[in-house]
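What follows is a single structure, written as C-alpha coordinates, with notes after it.
Reminder, nothing fancy here: chain letters follow the sequence lines and each chain counts from 1.
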Amino acid sequence: MKSPSRRGLDLIVGLGLPVVFLLGWELGVRSGRIDGTIFSAPSDVVESLRELSEGGALRAETVTTASRALVGWGLAAVIAVLVGSLMGRSARIYSAVAPLMEFARSVPAVTLVPVGLLLFGAGSTTTVLAVLIASVWPVLINTSSAVASTDPLLLDTSKALGFSRTREVCSIQIPQATPSILAGLKTSLALALIVAVVAEMIGSAGGLGGAIIEARSRFRTADVFAIVLVLGAVGLVVNLSIEFAERRLTRWQRDSSGEVVASS
Amino acid sequence: MRPRTATTFSALTTAAVLLGVWEIAFATGLLDFESISRPSRFLSEIWEIALSGKLLDETVHTLQVVAIAFTIAFIVGLTVGALMALSRTTRRLLLPTTTFLRFVPPPALVPLTIIIFGFAMRSEVLVAAYAATWPVMISATTAVAQIDPRLHEVGKALGLNRAQVFMKLTTPASLPLVLSGARIALSVTFVVVITVEMIGVPEGLGYEIVRSSQSLRPDETYAYLFWIGLVGAALNFLLRRIEGRVVGWQLSDAS
(Lines give C-alpha, C1' and ligand atoms only; values in the text may rest on other atoms or scores of the structure.)
Protein backbone atom coordinates (compact mmCIF):
# COMPACT_ATOMS: atom_id res chain seq x y z
CA MET A 1 0.00 0.00 0.00
CA LYS A 2 1.30 3.42 -0.86
CA SER A 3 1.24 6.20 1.68
CA PRO A 4 -0.64 9.39 0.69
CA SER A 5 2.53 11.50 0.61
CA ARG A 6 4.16 8.98 -1.68
CA ARG A 7 1.22 9.12 -4.07
CA GLY A 8 1.34 12.91 -4.00
CA LEU A 9 5.01 12.81 -4.93
CA ASP A 10 4.26 10.36 -7.76
CA LEU A 11 1.64 12.70 -9.10
CA ILE A 12 3.98 15.68 -9.04
CA VAL A 13 6.68 13.71 -10.87
CA GLY A 14 4.07 12.49 -13.35
CA LEU A 15 2.74 15.96 -14.03
CA GLY A 16 6.28 17.19 -14.61
CA LEU A 17 6.45 15.71 -18.10
CA PRO A 18 3.30 17.32 -19.50
CA VAL A 19 4.16 20.63 -17.86
CA VAL A 20 7.63 20.68 -19.44
CA PHE A 21 6.13 19.65 -22.77
CA LEU A 22 3.45 22.36 -22.69
CA LEU A 23 5.94 25.04 -21.63
CA GLY A 24 8.25 24.07 -24.48
CA TRP A 25 5.32 24.21 -26.89
CA GLU A 26 4.24 27.64 -25.65
CA LEU A 27 7.78 29.04 -25.88
CA GLY A 28 8.23 27.46 -29.31
CA VAL A 29 5.14 29.20 -30.67
CA ARG A 30 5.99 32.54 -29.01
CA SER A 31 9.50 32.51 -30.44
CA GLY A 32 8.14 31.59 -33.84
CA ARG A 33 9.94 28.26 -34.07
CA ILE A 34 6.62 26.39 -34.15
CA ASP A 35 3.84 27.42 -36.52
CA GLY A 36 1.08 28.68 -34.22
CA THR A 37 -1.61 28.49 -36.88
CA ILE A 38 -1.16 24.71 -36.99
CA PHE A 39 -0.01 23.94 -33.44
CA SER A 40 -1.97 26.48 -31.41
CA ALA A 41 -0.09 27.61 -28.33
CA PRO A 42 -1.48 26.20 -25.06
CA SER A 43 -2.38 29.74 -23.94
CA ASP A 44 -4.45 30.21 -27.13
CA VAL A 45 -6.21 26.93 -26.45
CA VAL A 46 -7.06 28.02 -22.91
CA GLU A 47 -8.28 31.34 -24.30
CA SER A 48 -10.54 29.66 -26.85
CA LEU A 49 -11.77 27.24 -24.18
CA ARG A 50 -12.85 30.30 -22.20
CA GLU A 51 -14.48 31.89 -25.25
CA LEU A 52 -16.32 28.70 -26.18
CA SER A 53 -17.72 28.21 -22.71
CA GLU A 54 -19.01 31.77 -22.56
CA GLY A 55 -22.78 31.78 -22.98
CA GLY A 56 -22.91 28.05 -22.24
CA ALA A 57 -22.46 26.90 -25.85
CA LEU A 58 -19.75 24.41 -25.00
CA ARG A 59 -21.77 23.04 -22.12
CA ALA A 60 -24.84 22.61 -24.33
CA GLU A 61 -22.84 20.65 -26.92
CA THR A 62 -21.30 18.49 -24.21
CA VAL A 63 -24.75 17.74 -22.79
CA THR A 64 -26.05 16.87 -26.29
CA THR A 65 -23.23 14.42 -26.96
CA ALA A 66 -23.31 12.91 -23.50
CA SER A 67 -27.07 12.40 -23.50
CA ARG A 68 -27.01 10.76 -26.95
CA ALA A 69 -24.25 8.44 -25.74
CA LEU A 70 -26.11 7.65 -22.51
CA VAL A 71 -29.47 6.98 -24.18
CA GLY A 72 -27.93 4.64 -26.76
CA TRP A 73 -25.90 2.92 -24.07
CA GLY A 74 -28.88 2.54 -21.74
CA LEU A 75 -31.07 1.04 -24.46
CA ALA A 76 -28.22 -1.29 -25.43
CA ALA A 77 -27.84 -2.38 -21.81
CA VAL A 78 -31.50 -3.34 -21.49
CA ILE A 79 -31.56 -5.21 -24.81
CA ALA A 80 -28.25 -6.93 -24.15
CA VAL A 81 -29.20 -8.18 -20.69
CA LEU A 82 -32.54 -9.51 -21.97
CA VAL A 83 -31.16 -11.22 -25.07
CA GLY A 84 -28.02 -12.29 -23.26
CA SER A 85 -30.05 -14.06 -20.55
CA LEU A 86 -32.06 -15.86 -23.22
CA MET A 87 -28.89 -16.93 -25.00
CA GLY A 88 -27.30 -17.99 -21.76
CA ARG A 89 -30.23 -20.22 -20.81
CA SER A 90 -30.84 -21.94 -24.11
CA ALA A 91 -27.99 -23.77 -25.82
CA ARG A 92 -30.04 -23.94 -29.00
CA ILE A 93 -30.57 -20.20 -29.28
CA TYR A 94 -26.94 -19.71 -28.36
CA SER A 95 -25.56 -21.93 -31.12
CA ALA A 96 -27.90 -20.38 -33.69
CA VAL A 97 -27.03 -16.81 -32.81
CA ALA A 98 -23.45 -16.83 -31.51
CA PRO A 99 -21.56 -17.20 -34.83
CA LEU A 100 -23.74 -14.55 -36.46
CA MET A 101 -23.04 -12.30 -33.54
CA GLU A 102 -19.36 -12.88 -34.16
CA PHE A 103 -19.86 -11.55 -37.70
CA ALA A 104 -22.10 -8.65 -36.71
CA ARG A 105 -19.52 -7.63 -34.13
CA SER A 106 -16.85 -7.37 -36.82
CA VAL A 107 -18.88 -4.70 -38.60
CA PRO A 108 -17.56 -1.43 -37.17
CA ALA A 109 -20.56 0.32 -35.61
CA VAL A 110 -19.60 3.61 -37.22
CA THR A 111 -20.24 2.15 -40.68
CA LEU A 112 -23.90 2.00 -39.70
CA VAL A 113 -23.97 5.78 -39.60
CA PRO A 114 -24.27 6.09 -43.41
CA VAL A 115 -27.09 3.54 -43.27
CA GLY A 116 -28.74 5.56 -40.51
CA LEU A 117 -28.26 8.74 -42.53
CA LEU A 118 -30.14 7.19 -45.45
CA LEU A 119 -33.00 6.22 -43.16
CA PHE A 120 -33.27 9.00 -40.62
CA GLY A 121 -31.04 11.80 -41.86
CA ALA A 122 -28.46 13.47 -39.63
CA GLY A 123 -29.44 13.93 -36.01
CA SER A 124 -30.07 12.25 -32.72
CA THR A 125 -31.75 9.11 -34.09
CA THR A 126 -28.80 8.13 -36.26
CA THR A 127 -26.34 8.91 -33.49
CA VAL A 128 -28.25 6.97 -30.83
CA LEU A 129 -28.66 4.02 -33.20
CA ALA A 130 -24.95 3.80 -33.89
CA VAL A 131 -24.18 4.10 -30.18
CA LEU A 132 -26.72 1.39 -29.39
CA ILE A 133 -25.24 -1.07 -31.84
CA ALA A 134 -21.70 -0.37 -30.74
CA SER A 135 -22.55 -0.78 -27.04
CA VAL A 136 -24.66 -3.89 -27.30
CA TRP A 137 -21.91 -6.46 -28.02
CA PRO A 138 -19.69 -6.28 -24.94
CA VAL A 139 -22.70 -6.53 -22.62
CA LEU A 140 -24.41 -9.23 -24.67
CA ILE A 141 -21.36 -11.45 -24.80
CA ASN A 142 -20.58 -11.08 -21.12
CA THR A 143 -24.20 -11.60 -20.03
CA SER A 144 -24.74 -14.72 -22.12
CA SER A 145 -21.52 -16.40 -21.06
CA ALA A 146 -22.01 -15.51 -17.39
CA VAL A 147 -25.63 -16.70 -17.35
CA ALA A 148 -24.64 -19.90 -19.14
CA SER A 149 -22.05 -20.66 -16.50
CA THR A 150 -24.34 -20.25 -13.47
CA ASP A 151 -23.26 -22.46 -10.59
CA PRO A 152 -25.32 -25.71 -11.03
CA LEU A 153 -25.73 -25.89 -7.27
CA LEU A 154 -27.66 -22.63 -7.33
CA LEU A 155 -29.90 -23.93 -10.12
CA ASP A 156 -30.63 -27.08 -8.11
CA THR A 157 -31.46 -24.93 -5.12
CA SER A 158 -33.86 -22.86 -7.16
CA LYS A 159 -35.52 -26.01 -8.44
CA ALA A 160 -35.83 -27.32 -4.89
CA LEU A 161 -37.40 -24.05 -3.82
CA GLY A 162 -39.85 -24.28 -6.71
CA PHE A 163 -38.81 -20.99 -8.32
CA SER A 164 -40.44 -20.08 -11.61
CA ARG A 165 -38.18 -19.57 -14.64
CA THR A 166 -38.50 -15.80 -14.50
CA ARG A 167 -37.66 -15.78 -10.83
CA GLU A 168 -34.69 -18.05 -11.43
CA VAL A 169 -33.31 -15.66 -14.04
CA CYS A 170 -34.05 -12.49 -12.14
CA SER A 171 -33.08 -13.44 -8.64
CA ILE A 172 -30.31 -15.97 -9.22
CA GLN A 173 -28.73 -15.87 -12.66
CA ILE A 174 -28.63 -12.15 -13.32
CA PRO A 175 -27.34 -11.23 -9.84
CA GLN A 176 -24.66 -13.85 -10.19
CA ALA A 177 -23.71 -12.48 -13.59
CA THR A 178 -23.59 -8.88 -12.31
CA PRO A 179 -19.78 -8.54 -12.21
CA SER A 180 -19.48 -9.70 -15.83
CA ILE A 181 -22.40 -7.55 -16.91
CA LEU A 182 -20.81 -4.54 -15.25
CA ALA A 183 -17.50 -5.23 -16.95
CA GLY A 184 -19.33 -5.27 -20.28
CA LEU A 185 -21.19 -2.07 -19.45
CA LYS A 186 -17.89 -0.42 -18.60
CA THR A 187 -16.33 -1.34 -21.93
CA SER A 188 -19.38 -0.25 -23.85
CA LEU A 189 -19.79 3.11 -22.11
CA ALA A 190 -16.31 4.15 -23.19
CA LEU A 191 -17.21 3.01 -26.72
CA ALA A 192 -20.55 4.81 -26.59
CA LEU A 193 -18.89 8.19 -26.12
CA ILE A 194 -16.47 7.62 -28.99
CA VAL A 195 -19.16 6.39 -31.37
CA ALA A 196 -21.45 9.30 -30.47
CA VAL A 197 -18.69 11.75 -31.36
CA VAL A 198 -17.90 9.96 -34.63
CA ALA A 199 -21.55 9.80 -35.67
CA GLU A 200 -21.86 13.52 -34.99
CA MET A 201 -18.74 14.16 -37.03
CA ILE A 202 -19.95 12.14 -40.01
CA GLY A 203 -23.41 13.64 -40.06
CA SER A 204 -22.34 17.10 -38.84
CA ALA A 205 -25.10 16.55 -36.32
CA GLY A 206 -24.26 19.07 -33.61
CA GLY A 207 -22.82 18.04 -30.27
CA LEU A 208 -19.08 18.05 -29.62
CA GLY A 209 -18.47 16.02 -32.79
CA GLY A 210 -20.33 18.52 -34.95
CA ALA A 211 -18.59 21.41 -33.18
CA ILE A 212 -15.14 20.00 -33.89
CA ILE A 213 -15.91 19.57 -37.60
CA GLU A 214 -17.23 23.10 -37.78
CA ALA A 215 -14.19 24.52 -36.03
CA ARG A 216 -11.92 22.69 -38.46
CA SER A 217 -13.74 23.85 -41.55
CA ARG A 218 -13.28 27.41 -40.34
CA PHE A 219 -9.60 26.73 -39.62
CA ARG A 220 -10.06 27.64 -35.98
CA THR A 221 -7.23 25.39 -34.83
CA ALA A 222 -7.26 26.55 -31.21
CA ASP A 223 -10.97 25.67 -30.98
CA VAL A 224 -10.26 22.19 -32.34
CA PHE A 225 -7.58 21.66 -29.68
CA ALA A 226 -9.94 23.00 -27.01
CA ILE A 227 -12.74 20.59 -27.96
CA VAL A 228 -10.33 17.65 -28.07
CA LEU A 229 -9.31 18.62 -24.55
CA VAL A 230 -12.95 18.72 -23.42
CA LEU A 231 -13.54 15.29 -24.98
CA GLY A 232 -10.54 13.88 -23.14
CA ALA A 233 -11.85 15.31 -19.88
CA VAL A 234 -15.35 13.89 -20.49
CA GLY A 235 -13.85 10.49 -21.30
CA LEU A 236 -11.77 10.58 -18.14
CA VAL A 237 -14.73 11.55 -15.94
CA VAL A 238 -16.91 8.84 -17.49
CA ASN A 239 -14.29 6.17 -16.96
CA LEU A 240 -13.52 7.21 -13.40
CA SER A 241 -17.21 7.19 -12.49
CA ILE A 242 -17.67 3.70 -13.94
CA GLU A 243 -14.74 2.43 -11.92
CA PHE A 244 -16.25 4.00 -8.81
CA ALA A 245 -19.69 2.52 -9.50
CA GLU A 246 -18.16 -0.87 -10.20
CA ARG A 247 -16.40 -0.91 -6.85
CA ARG A 248 -19.63 0.01 -5.05
CA LEU A 249 -21.86 -2.45 -6.87
CA THR A 250 -19.63 -5.51 -6.59
CA ARG A 251 -18.64 -4.96 -2.99
CA TRP A 252 -20.82 -7.91 -1.89
CA GLN A 253 -18.86 -10.14 -4.24
CA ARG A 254 -15.61 -9.75 -2.41
CA ASP A 255 -17.24 -10.72 0.86
CA SER A 256 -19.08 -13.71 -0.52
CA SER A 257 -15.94 -15.80 -0.79
CA GLY A 258 -15.82 -16.05 3.00
CA GLU A 259 -18.73 -16.51 5.36
CA VAL A 260 -22.32 -15.69 4.61
CA VAL A 261 -22.77 -11.93 4.57
CA ALA A 262 -25.80 -10.48 6.24
CA SER A 263 -27.88 -8.73 3.63
CA SER A 264 -28.49 -5.15 4.60
CA MET B 1 -17.76 -28.40 -27.24
CA ARG B 2 -19.91 -29.09 -30.28
CA PRO B 3 -18.23 -30.25 -33.44
CA ARG B 4 -17.10 -27.37 -35.63
CA THR B 5 -19.09 -28.40 -38.69
CA ALA B 6 -22.35 -28.49 -36.73
CA THR B 7 -21.76 -24.97 -35.40
CA THR B 8 -20.87 -23.68 -38.85
CA PHE B 9 -23.94 -25.39 -40.24
CA SER B 10 -26.36 -23.85 -37.74
CA ALA B 11 -24.76 -20.45 -38.24
CA LEU B 12 -25.13 -20.68 -41.99
CA THR B 13 -28.74 -21.78 -41.58
CA THR B 14 -29.55 -18.78 -39.38
CA ALA B 15 -27.78 -16.44 -41.79
CA ALA B 16 -29.60 -17.92 -44.78
CA VAL B 17 -32.96 -17.68 -43.03
CA LEU B 18 -32.35 -14.06 -42.02
CA LEU B 19 -31.21 -13.01 -45.48
CA GLY B 20 -34.11 -14.95 -47.03
CA VAL B 21 -36.71 -13.28 -44.83
CA TRP B 22 -35.17 -9.89 -45.57
CA GLU B 23 -35.17 -10.55 -49.31
CA ILE B 24 -38.75 -11.85 -49.41
CA ALA B 25 -40.13 -9.08 -47.21
CA PHE B 26 -38.74 -6.43 -49.52
CA ALA B 27 -39.13 -8.23 -52.86
CA THR B 28 -42.82 -8.86 -52.27
CA GLY B 29 -43.38 -5.30 -51.13
CA LEU B 30 -44.38 -6.37 -47.64
CA LEU B 31 -41.85 -3.86 -46.38
CA ASP B 32 -41.07 -0.91 -48.56
CA PHE B 33 -38.39 1.62 -47.78
CA GLU B 34 -36.54 3.29 -50.58
CA SER B 35 -33.55 3.80 -48.34
CA ILE B 36 -33.14 0.15 -47.36
CA SER B 37 -31.49 -2.23 -49.80
CA ARG B 38 -32.14 -5.97 -49.99
CA PRO B 39 -29.71 -8.91 -50.15
CA SER B 40 -30.06 -9.74 -53.86
CA ARG B 41 -29.38 -6.11 -54.74
CA PHE B 42 -26.44 -5.38 -52.48
CA LEU B 43 -24.80 -8.74 -53.20
CA SER B 44 -24.89 -8.11 -56.93
CA GLU B 45 -23.66 -4.57 -56.23
CA ILE B 46 -20.62 -6.03 -54.41
CA TRP B 47 -20.00 -8.19 -57.47
CA GLU B 48 -20.14 -5.20 -59.77
CA ILE B 49 -17.81 -3.08 -57.64
CA ALA B 50 -15.46 -6.06 -57.50
CA LEU B 51 -15.50 -6.45 -61.31
CA SER B 52 -14.61 -2.81 -61.77
CA GLY B 53 -11.49 -3.43 -59.68
CA LYS B 54 -12.45 -0.69 -57.27
CA LEU B 55 -13.26 -3.02 -54.40
CA LEU B 56 -9.76 -4.49 -54.48
CA ASP B 57 -8.11 -1.06 -54.72
CA GLU B 58 -9.99 0.42 -51.78
CA THR B 59 -9.59 -2.72 -49.67
CA VAL B 60 -5.86 -2.78 -50.33
CA HIS B 61 -5.58 0.88 -49.39
CA THR B 62 -7.42 0.37 -46.11
CA LEU B 63 -5.54 -2.81 -45.18
CA GLN B 64 -2.22 -1.21 -46.03
CA VAL B 65 -2.91 1.62 -43.59
CA VAL B 66 -4.06 -0.95 -41.01
CA ALA B 67 -0.78 -2.87 -41.38
CA ILE B 68 1.43 0.20 -41.05
CA ALA B 69 -0.51 1.68 -38.13
CA PHE B 70 -0.67 -1.65 -36.32
CA THR B 71 3.07 -2.21 -36.65
CA ILE B 72 3.83 1.22 -35.22
CA ALA B 73 1.33 0.77 -32.39
CA PHE B 74 2.70 -2.67 -31.56
CA ILE B 75 6.31 -1.50 -31.33
CA VAL B 76 5.55 1.68 -29.39
CA GLY B 77 2.98 0.04 -27.10
CA LEU B 78 5.20 -2.92 -26.33
CA THR B 79 8.29 -0.81 -25.62
CA VAL B 80 6.58 1.77 -23.44
CA GLY B 81 4.42 -0.85 -21.72
CA ALA B 82 7.38 -3.06 -20.87
CA LEU B 83 9.40 -0.07 -19.69
CA MET B 84 6.55 1.04 -17.45
CA ALA B 85 6.27 -2.42 -15.94
CA LEU B 86 10.01 -2.87 -15.42
CA SER B 87 10.98 0.58 -14.18
CA ARG B 88 9.30 2.54 -11.43
CA THR B 89 10.73 5.83 -12.65
CA THR B 90 9.25 5.46 -16.13
CA ARG B 91 5.92 4.53 -14.59
CA ARG B 92 5.93 7.61 -12.36
CA LEU B 93 6.89 9.85 -15.25
CA LEU B 94 4.36 8.55 -17.74
CA LEU B 95 1.32 7.27 -15.86
CA PRO B 96 -0.67 10.53 -15.48
CA THR B 97 0.02 11.53 -19.09
CA THR B 98 -0.97 8.16 -20.53
CA THR B 99 -4.05 8.01 -18.29
CA PHE B 100 -5.35 11.25 -19.77
CA LEU B 101 -4.31 10.62 -23.37
CA ARG B 102 -5.89 7.15 -23.30
CA PHE B 103 -9.31 8.68 -22.79
CA VAL B 104 -9.19 11.16 -25.67
CA PRO B 105 -11.48 9.62 -28.30
CA PRO B 106 -9.09 8.91 -31.21
CA PRO B 107 -11.49 10.12 -33.94
CA ALA B 108 -11.52 13.53 -32.27
CA LEU B 109 -7.88 13.82 -33.30
CA VAL B 110 -8.73 13.54 -36.98
CA PRO B 111 -9.44 17.26 -37.50
CA LEU B 112 -6.08 18.04 -35.87
CA THR B 113 -4.09 15.58 -37.95
CA ILE B 114 -5.80 16.91 -41.05
CA ILE B 115 -4.79 20.44 -40.17
CA ILE B 116 -1.25 19.22 -39.56
CA PHE B 117 -0.74 16.62 -42.32
CA GLY B 118 -3.56 17.37 -44.73
CA PHE B 119 -5.87 14.78 -46.30
CA ALA B 120 -3.10 12.22 -46.55
CA MET B 121 -2.43 8.65 -45.57
CA ARG B 122 -0.18 9.94 -42.79
CA SER B 123 -3.23 11.32 -40.98
CA GLU B 124 -4.88 7.91 -41.09
CA VAL B 125 -1.78 6.08 -39.90
CA LEU B 126 -1.17 8.48 -37.04
CA VAL B 127 -4.68 8.39 -35.56
CA ALA B 128 -5.02 4.61 -35.94
CA ALA B 129 -1.59 3.98 -34.43
CA TYR B 130 -2.47 6.27 -31.53
CA ALA B 131 -5.68 4.37 -30.85
CA ALA B 132 -4.10 0.93 -31.11
CA THR B 133 -1.13 1.73 -28.90
CA TRP B 134 -3.19 1.64 -25.67
CA PRO B 135 -4.39 -1.97 -25.76
CA VAL B 136 -0.84 -3.15 -26.54
CA MET B 137 0.66 -0.95 -23.85
CA ILE B 138 -1.80 -2.01 -21.18
CA SER B 139 -1.51 -5.69 -21.96
CA ALA B 140 2.29 -5.44 -22.00
CA THR B 141 2.34 -3.68 -18.61
CA THR B 142 -0.05 -6.20 -17.09
CA ALA B 143 1.72 -9.14 -18.68
CA VAL B 144 5.14 -8.21 -17.32
CA ALA B 145 3.74 -7.24 -13.91
CA GLN B 146 1.84 -10.50 -13.41
CA ILE B 147 4.79 -12.81 -13.97
CA ASP B 148 5.18 -15.27 -11.14
CA PRO B 149 8.01 -13.94 -8.91
CA ARG B 150 9.21 -17.52 -8.49
CA LEU B 151 10.30 -17.42 -12.13
CA HIS B 152 12.76 -14.67 -11.27
CA GLU B 153 14.08 -16.75 -8.41
CA VAL B 154 14.56 -19.62 -10.81
CA GLY B 155 16.42 -17.26 -13.11
CA LYS B 156 18.67 -16.18 -10.26
CA ALA B 157 19.28 -19.77 -9.22
CA LEU B 158 20.28 -20.62 -12.78
CA GLY B 159 22.69 -17.69 -12.77
CA LEU B 160 21.07 -15.86 -15.69
CA ASN B 161 21.95 -12.22 -16.23
CA ARG B 162 19.32 -9.52 -16.76
CA ALA B 163 19.26 -9.80 -20.53
CA GLN B 164 18.93 -13.57 -20.35
CA VAL B 165 16.12 -13.30 -17.77
CA PHE B 166 14.30 -10.92 -20.09
CA MET B 167 14.73 -13.08 -23.19
CA LYS B 168 14.21 -16.51 -21.64
CA LEU B 169 11.70 -15.87 -18.86
CA THR B 170 9.95 -12.51 -19.13
CA THR B 171 9.25 -12.64 -22.86
CA PRO B 172 7.72 -16.12 -23.10
CA ALA B 173 5.78 -15.68 -19.84
CA SER B 174 4.17 -12.47 -21.03
CA LEU B 175 3.53 -13.59 -24.60
CA PRO B 176 -0.08 -14.84 -24.23
CA LEU B 177 -1.37 -11.60 -22.71
CA VAL B 178 0.61 -9.48 -25.14
CA LEU B 179 -0.85 -11.41 -28.05
CA SER B 180 -4.42 -11.02 -26.86
CA GLY B 181 -3.70 -7.30 -26.47
CA ALA B 182 -2.37 -7.31 -30.03
CA ARG B 183 -5.54 -8.97 -31.28
CA ILE B 184 -7.66 -6.25 -29.67
CA ALA B 185 -5.28 -3.64 -31.08
CA LEU B 186 -5.65 -4.99 -34.60
CA SER B 187 -9.43 -4.82 -34.53
CA VAL B 188 -9.19 -1.32 -33.02
CA THR B 189 -6.82 -0.33 -35.85
CA PHE B 190 -9.26 -1.60 -38.45
CA VAL B 191 -12.22 0.25 -36.95
CA VAL B 192 -10.26 3.47 -36.51
CA VAL B 193 -8.85 3.42 -40.05
CA ILE B 194 -12.37 3.00 -41.43
CA THR B 195 -13.55 5.80 -39.14
CA VAL B 196 -10.80 8.19 -40.22
CA GLU B 197 -11.65 7.49 -43.84
CA MET B 198 -15.27 8.25 -43.05
CA ILE B 199 -14.67 11.58 -41.36
CA GLY B 200 -11.51 12.89 -42.91
CA VAL B 201 -9.26 11.25 -45.43
CA PRO B 202 -11.13 10.72 -48.70
CA GLU B 203 -9.76 7.27 -49.53
CA GLY B 204 -10.42 3.60 -48.83
CA LEU B 205 -13.51 1.64 -47.82
CA GLY B 206 -14.62 4.11 -45.15
CA TYR B 207 -14.78 6.97 -47.60
CA GLU B 208 -16.67 4.91 -50.17
CA ILE B 209 -19.45 4.00 -47.74
CA VAL B 210 -19.99 7.64 -46.74
CA ARG B 211 -19.84 8.81 -50.36
CA SER B 212 -22.40 6.25 -51.45
CA SER B 213 -24.73 7.27 -48.64
CA GLN B 214 -24.36 10.95 -49.44
CA SER B 215 -25.18 10.30 -53.09
CA LEU B 216 -28.25 8.35 -51.90
CA ARG B 217 -27.26 4.97 -53.29
CA PRO B 218 -28.51 2.49 -50.67
CA ASP B 219 -27.45 -0.61 -52.64
CA GLU B 220 -23.88 0.60 -52.71
CA THR B 221 -23.97 1.62 -49.03
CA TYR B 222 -25.20 -1.81 -47.96
CA ALA B 223 -22.69 -3.48 -50.27
CA TYR B 224 -19.81 -1.68 -48.58
CA LEU B 225 -21.31 -2.30 -45.14
CA PHE B 226 -21.44 -6.03 -45.81
CA TRP B 227 -17.98 -6.09 -47.35
CA ILE B 228 -16.38 -4.16 -44.46
CA GLY B 229 -17.99 -6.65 -42.08
CA LEU B 230 -16.51 -9.56 -44.03
CA VAL B 231 -13.04 -8.03 -44.06
CA GLY B 232 -13.26 -7.32 -40.32
CA ALA B 233 -14.43 -10.86 -39.59
CA ALA B 234 -11.62 -12.29 -41.71
CA LEU B 235 -9.05 -10.22 -39.81
CA ASN B 236 -10.41 -11.45 -36.46
CA PHE B 237 -10.44 -15.04 -37.62
CA LEU B 238 -6.88 -14.83 -38.88
CA LEU B 239 -5.57 -13.35 -35.68
CA ARG B 240 -7.32 -15.93 -33.53
CA ARG B 241 -5.68 -18.66 -35.58
CA ILE B 242 -2.24 -17.09 -35.18
CA GLU B 243 -2.80 -16.58 -31.47
CA GLY B 244 -3.93 -20.17 -31.07
CA ARG B 245 -0.85 -21.43 -32.84
CA VAL B 246 1.69 -19.29 -31.03
CA VAL B 247 0.40 -19.71 -27.51
CA GLY B 248 -1.08 -23.19 -27.98
CA TRP B 249 1.51 -24.58 -25.55
CA GLN B 250 0.11 -22.34 -22.84
CA LEU B 251 -3.43 -23.59 -23.19
CA SER B 252 -2.48 -27.26 -23.22
CA ASP B 253 -0.27 -26.53 -20.24
CA ALA B 254 -3.12 -25.08 -18.22
CA SER B 255 -5.69 -27.76 -18.82
Which heavy atom of [X] sits nearest a heavy atom of [Y], and at what distance?
{"X": "Ile202(A)", "Y": "Met198(B)", "result": "CD1-CE, 3.4 Å"}
{"X": "Thr221(B)", "Y": "Pro114(A)", "result": "CG2-CB, 3.9 Å"}
{"X": "Leu118(A)", "Y": "Pro218(B)", "result": "CD1-CA, 3.7 Å"}
{"X": "Phe190(B)", "Y": "Pro108(A)", "result": "CE2-CG, 4.1 Å"}
{"X": "Ser106(A)", "Y": "Gly229(B)", "result": "CB-O, 3.8 Å"}
{"X": "Ile199(B)", "Y": "Val198(A)", "result": "CG2-O, 4.2 Å"}

Are more than 12 heavy atoms, taken from residues, nucleotides or ligands other than Arg211(B), located less than 6.0 Å from that residue's CZ atom?
yes
Please say whether more than 12 non-hydrogen atoms of neighbouring residues, nucleotides or ligands are located less than 6.0 Å from CZ in Arg220(A).
no
Do you know which of [options] has the most heavy-atom pairs under 4.5 Å to chain A?
{"options": "Ile228(B), Leu216(B), Leu235(B), Leu112(B)", "answer": "Leu112(B)"}
{"options": "Val231(B), Asn236(B), Thr97(B)", "answer": "Thr97(B)"}
{"options": "Ile115(B), Val104(B), Val210(B)", "answer": "Ile115(B)"}
{"options": "Ile114(B), Thr195(B), Leu95(B), Val110(B)", "answer": "Thr195(B)"}

Side chain / backbone / both / neither for [X] at chain A, heavy atoms under 4.5 Å:
{"X": "Ile36(B)", "answer": "side chain"}
{"X": "Ile194(B)", "answer": "side chain"}
{"X": "Leu18(B)", "answer": "side chain"}
{"X": "Pro105(B)", "answer": "both"}
{"X": "Leu230(B)", "answer": "both"}

At what distance, to the nearest 0.5 angstrom, does OG1 of Thr111(A) lie from OH of Tyr222(B)?
11.5 Å
Which one wins on heavy-atom pair count under 4.5 Å against chain B: Leu119(A), Leu208(A), Leu17(A), Asp35(A)?
Leu119(A)
Contacting region of Ile227(A) [heavy-atom separation from chain B under 4.5 Å]:
neither
For Phe39(A), which atoms come within 4.5 Å of any heavy atom of chain B: side chain, backbone, both, or neither?
side chain
Partner of Pro107(B) by side-chain contact (heavy atoms from CB on, under 4.5 Å), out of Val195(A), Val110(A), Val197(A), Ile194(A)
Ile194(A)
